[in-house]
Amino acid sequence: MFGYVHISPERLNGEEKERYQACYCGLCHTLGERYGAFARMILNYDLVFLAMLLADGEVPACCARRCVLHPIHPRCACRATAALESAADISVLLTWWQLRDGVADHGFWGGLKYRFLSLLLRKAYKKAQETCPEMDKMIQVRLDRLSVLEREKCPVPDEAADAFALLLQDTASLQPFGVKRRVLAQLLYHLGRWIYLVDALDDLKEDGTSGSYNPLLLRYKVENGILCPEDRARVAASLDASIRTMAAAFELADFGCWTGIIESVVYEGLYAVGNAVLNGTFRKNKRNIERQMKGRTQ
């Protein structure tokens with residue numbers, strides 16, 4: 001995933017901030033316990049959000065745990081749950097296929113780093129594949145479709161975004177049949193669409209220089225990595241439409257103790273990130289972002 005799904009700390013009370021941090025730490029520990037130390041490096045906020053969406057809504061059991069980053073002062077972390085385990089499994093599967101896509105897209109020399117990282121993650125992927133064979137197949141199908149569109153230089157942003165949106169929508173199948181599953185299918189579809197378009201927007205300048213596929217470059221007028229005002233407004237409206245659809249779906253289900261945190265993402269966090277990307281002020285640097293967000297949620 002990409003790391004664009006952030007909470008709005010100012011919207012949360014102290015208990016909710018602590019619960020969000022505990023979920024973040026809980027997913028990190030779950031990744032390590034299921035897939036080894038290297039797997040903890042692929043932790044990001046998008047999958048923490050997925051874990052909260054998949055959770056049963058009950059207040060999670062937590063405990064104080066130390067880790068490499070916090071060896072002296074233990075942090076409160078959620079104990080492993082089915083939702084955290086599912087989020088960990090999907091994290092590994094998604095990262096693996098993104099790395100393999102990087103190998104295919106960057107030639108021999110450019111693909112070396114992707115080959116190296118794939119080697120480090122290979123054992124974890126094999127375990128995740130055995131644990132979730134159907135999810136692994138669905139991810140491959142969606143990413144294969146996206147690869148075809150990239151090779152064809154598809155100039156329609158919605159068509160490319162749809163392939164990734166369907167990938168996230170598929171994770172709703174981890175829920176039992178019922179209202180919440182239908183809600184998650186809608187919510188996750190539009191979250192996937194939003195993530196894909198925000199990432200394409202964030203990469204405009206880099207992709208314009210490297211020649212990498214980016215549907216926004218093919219569809220709109222871009223100068224020095226910046227959309228013209230009219231096209232910028234069109235993309236902003238498209239992003240906001242997906243968030244509004246997510247919000248409408250969110251209101252139809254009960255997310256229990258996670259409701260306030262999810263609400264802060266849907267009603268403020270996504271808008272803030274989207275605006276920052278549009279304005280060119282969003283830093284897509286995982287370490288810096290995590291440092292900033294941890295400082296706000298402690």
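Throughout, numbering of the chain's residues begins at 1 and tracks the sequence. Note that the structure is predicted; figures quoted are calculated from it, not measured.
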Can you get from Leu12 to Val59 by hopping between Ile, Leu, Val, Met, Phe, Trp and Tyr side chains that sit under 4.5 Å apart? no

Under 4.5 Å between side-chain heavy atoms, hopping through other hydrophobics if needed: is there a path connecting Leu27 to Phe38? yes

Spell out, as yes or no, whether a donor-acceptor pair under 3.5 Å connects the side chain of Ser173 to the backbone of Asp170. yes

Interatomic spacing from CG in Asp202 to CG in Leu216 - rounded to 0.5 Å: 11.0 Å

Report yes or no: does Asp231 contribute a side-chain atom to a donor-acceptor pair with the main-chain N or O of Lys221 at less than 3.5 Å? yes

From Ile262 CD1 over to Phe250 CZ, what is the distance, rounded to the nearest 0.5 angstrom? 6.0 Å

What heavy-atom pair brings Leu149 and Ala160 nearest, and what distance separates the two atoms? CD1-CA, 3.8 Å

Got a donor-acceptor contact below 3.5 angstrom from the Asn275 side chain to the Tyr271 backbone? yes

Arg11 atom CZ: more than 12 heavy-atom contacts under 6.0 Å: yes

Looking only at non-hydrogen atoms, find the nearest pair between Tyr213 and Asp207 and report the distance. O-OD2, 3.8 Å

Is Arg19 close to Cys76 at the side-chain level, that is, under 4.5 Å between some pair of heavy atoms? no

Heavy atoms of other groups near Glu223 CD, more than 12 under 6.0 Å: no

Can any side-chain N or O of Thr95 pair as donor or acceptor with the backbone N or O of Val92 at less than 3.5 Å? no

In terms of heavy-atom contacts, Pro60 and Trp258 come closest through CG-CZ2, 3.8 Å

Check: Ser242 side chain, Leu239 main-chain N or O, donor-acceptor pair, under 3.5 Å: no

Within a strict 4.5 Å, meaning less than it, do heavy atoms of the Leu53 and Phe255 side chains meet? yes

Taking all non-hydrogen atoms of both residues into account, name the closest pair between Tyr189 and Gln169 and its distance. CB-NE2, 3.6 Å

Test your reading of the model: is there a side-chain donor-acceptor pair from Asn224 to the backbone of Lys205, 3.5 Å cut-off? no

I'd like to know if Leu188 and Val141 are part of one continuous hydrophobic network [Ile/Leu/Val/Met/Phe/Trp/Tyr, side-chain heavy atoms within less than 4.5 Å]. no

Is there a side-chain contact between Ile42 and Trp96, using heavy atoms and a 4.5 Å cut-off? no

Separation between CG of Leu99 and OH of Tyr125, rounded to the nearest 0.5 Å: 12.0 Å

For the pair Arg234 and Glu230, find out whether any cationic side-chain nitrogen is under 4.0 Å from an anionic carboxylate oxygen. no

Under 3.5 Å: donor-acceptor pair, side chain of Thr245, backbone of Ala241: yes

Can Leu166 be reached from Leu187 by stepping across I, L, V, M, F, W or Y side chains whose heavy atoms are under 4.5 Å apart? no

Rounded at 0.5 Å granularity, tell me how far CH2 in Trp97 sits from CG in Leu143. 8.5 Å

Heavy-atom closest pair (Pro157 atom, Pro215 atom, distance to 0.1 Å) is CA-CB, 3.7 Å

Under 3.5 Å, is there a donor on one side chain and an acceptor on the other for Asn279 and Arg232? yes

Please determine whether side-chain contact (heavy atoms from CB on, under 4.5 Å) holds for the pair His29 and Cys67, giving the CA-CA distance in whole Å, both sets of side-chain angles, and the decisive distance to 0.1 Å. CA-CA 8 Å; His29 283 289; Cys67 64; 4.1 Å; yes

In terms of heavy-atom contacts, Cys154 and Glu159 come closest through SG-OE1, 3.6 Å

May I ask you to test the Tyr24-Leu43 pair for a side-chain heavy-atom distance under 4.5 Å? yes

Heavy atoms, side chains only, cut-off 4.5 Å: are Val179 and Arg182 in contact? yes

Steps toward side-chain contact (heavy atoms from CB on, under 4.5 Å) verdict (Thr209, Glu206): CA-CA 5 Å; Thr209 300; Glu206 180 181 338; 6.0 Å; no

Using the rule given for side-chain contact (heavy atoms from CB on, under 4.5 Å), can you reason through Leu204 versus Leu217, listing the C-alpha separation, both sets of side-chain angles and the distance that settles it, and then say yes or no? CA-CA 7 Å; Leu204 277 177; Leu217 285 170; 3.8 Å; yes

In Arg79, Lys127, Arg65, the residue satisfying salt bridge (Lys or Arg N to Asp or Glu O under 4.0 Å) with Glu33 is Arg65

If you define the side chain from C-beta out and look only at heavy atoms, does anything of Arg34 sit under 4.5 Å from Asp89? yes

Asn13 backbone acceptor or donor facing Glu16 side chain under 3.5 Å: yes

Would you please classify the geometry between the His6 ring and the Tyr45 ring as parallel, tilted or perpendicular, with 30° and 60° separating the classes? perpendicular

Check: Leu227 and Leu201 side chains under 4.5 Å, non-hydrogen atoms: yes

Within this structure, what is the CG-CD distance for the pair Leu184 and Gln175, rounded to the nearest 0.5 Å? 5.5 Å

Working note: Val148 + Arg145, criterion side-chain contact (heavy atoms from CB on, under 4.5 Å); need CA distance, chi angles, decisive distance, verdict. CA-CA 5 Å; Val148 169; Arg145 173 57 180 160; 4.1 Å; yes

Is Leu121 linked to Tyr114 within one hydrophobic cluster, defined over Ile, Leu, Val, Met, Phe, Trp and Tyr using a side-chain heavy-atom separation of less than 4.5 Å? yes

Main-chain N/O of Leu31 paired with Arg40 side-chain donor or acceptor, under 3.5 Å: no

With rounding to the nearest 0.5 angstrom, report the CG to SG distance, Leu47 to Cys23. 10.5 Å

Is any side-chain heavy atom of Phe49 closer than 4.5 Å to a side-chain heavy atom of Leu191? yes

Determine, for Asp158 against Arg193, whether the closest basic-nitrogen to carboxylate-oxygen distance falls under 4.0 angstrom. yes

Within a radius of less than 6.0 Å around CZ of Arg122, do more than 12 heavy atoms belonging to other residues, nucleotides or ligands occur? no

